[in-house]
Student: 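Dropping a structure here in structure tokens format, bear with me for questions.
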Number of protein chains: 2
Amino acid sequence: MKKKLTLAILVAASANAAVAGPIEEQIRFRQSAYSFAAWNISKIKSQVVDHPETFNKDSVAAAANAIAAVANSGLGALYGEGTDKGVGWKETRLKPEFFQKKEEVTVAANTFNVAANELAKVAATGDVSAIKTQFGKVGESCKSCHDLIRIKE
Amino acid sequence: MKKKLTLAILVAASANAAVAGPIEEQIRFRQSAYSFAAWNISKIKSQVVDHPETFNKDSVAAAANAIAAVANSGLGALYGEGTDKGVGWKETRLKPEFFQKKEEVTVAANTFNVAANELAKVAATGDVSAIKTQFGKVGESCKSCHDLIRIKE
């Protein structure tokens, strides 16, 4: 029984390792996730803030869904021990303090998650003014996390 | 009137340019989108194919939503003229034939889109066997597009 349990734990650990991957892979995947989110954020900014005459409901809704999907994807798995140093697509900008600020990070991550999922809901309505307001809240949640754990460029 | 129209076209063109961005940015964003999809594909593969004892319905559903969000995000906008040469996160692997194969690419992209959205639906049910089958179809749609337009490594 004990042997079975140990085996199960080993298998689960190796499965998690396969998902999380080595340090460079975790960094590369999280840089990819945030860049994909950034592209979708730029589409909403363009259509809602900078050039509202180009607003397209379907495009904005798809972009909002993409941001929510990033928020819901379990990014925490990509912040394994040691990932404050290393090169994914480029050198990581994660502050080493990340690992001492887990509680604050969890709050910030949850705020982003709630804001992004609400944006996806609001975007589906096509109400530009409501989208703009909620988009601002997502932006604030991004910034608060960046201030907390990302090295400034 | 003519002036107004010209201005509107210019504004729209500049908005599109802001969204699509220069060649390097288009390449970087599409590499990010596919890498984010690849991470989520690896999570489903791990939990459905390689280590089914680690299957977690919510995790697989979130991963499937992420893949669908990538498929729905309007990736075509990142394949502007000239993007068969250039460095995003790394040198692009897009074959120059892409621009002569637009119809085949559209069919392949639509197949991926349909398969990915169906996977998101199936994943929400938690039916592992059905997820595995549909996951295989998504994989086939990935491969057919890679064979068509991606330079082999």
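Predicted model only: the values in this text are computed from it and were never measured. Just the heavy atoms: all of them, side chains too, but no hydrogens, waters or symmetry mates, feed the values below. Chain identifiers are assigned alphabetically (A, B, ...) following the order of the sequence lines, protein sequences preceding nucleic acid strands; residue numbering begins at 1 within each chain.
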Student: Name the region of A63(B), side chain, backbone, both or neither, that has any atom closer than 4.5 Å to a heavy atom of chain A.
Tutor: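 Neither part; nothing is under 4.5 Å.
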Student: Less than 4.0 Å between a side-chain N and a carboxylate O, is that true for E24(A) and K90(A)?
Tutor: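 Salt bridge: no.
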Student: Looking just at side-chain N and O atoms, do N117(B) and N72(B) make a donor-acceptor pair shorter than 3.5 Å?
Tutor: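 Per modelled atom types, N117(B) and N72(B) side chains form a pair under 3.5 Å.
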Student: Does a donor on one side chain sit under 3.5 Å from an acceptor on the other, for Q31(B) and S32(A)?
Tutor: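 Checked: Q31(B)/S32(A) side chains show no N/O donor-acceptor pair below 3.5 Å.
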Student: If you count heavy-atom pairs under 4.5 Å between each of N40(A), V70(A), D58(A), I67(A) and chain B, which one has the most?
Tutor: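 Option with the greatest count: V70(A).
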Student: Side chain from CB out, backbone as N, CA, C, O: work out which of these in I44(A) comes under 4.5 Å of a heavy atom of chain B, or both, or neither.
Tutor: neither
Student: Identify which part of D50(B) has an atom lying under 4.5 Å from any heavy atom of chain A, answering side chain, backbone, both or neither.
Tutor: neither
Student: Given heavy-atom pairs under 4.5 angstrom as the criterion, report whether the side chain, backbone, both or neither of I41(B) touches chain A.
Tutor: neither
Student: Flag the pair F98(B) / Y79(B) as yes when their ring centroid distance falls below 6.0 Å, and as no otherwise.
Tutor: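 That pair passes the under 6.0 Å test.
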Student: Decide salt bridge (charged side-chain N to carboxylate O under 4.0 Å, His left out) for K137(B) and E118(B); before the verdict, give the C-alpha distance in whole Å, the side-chain angles of both, and the deciding distance to 0.1 Å.
Tutor: CA-CA 10 Å; K137(B) 289 185 188 170; E118(B) 183 61 25; over 6 Å; no
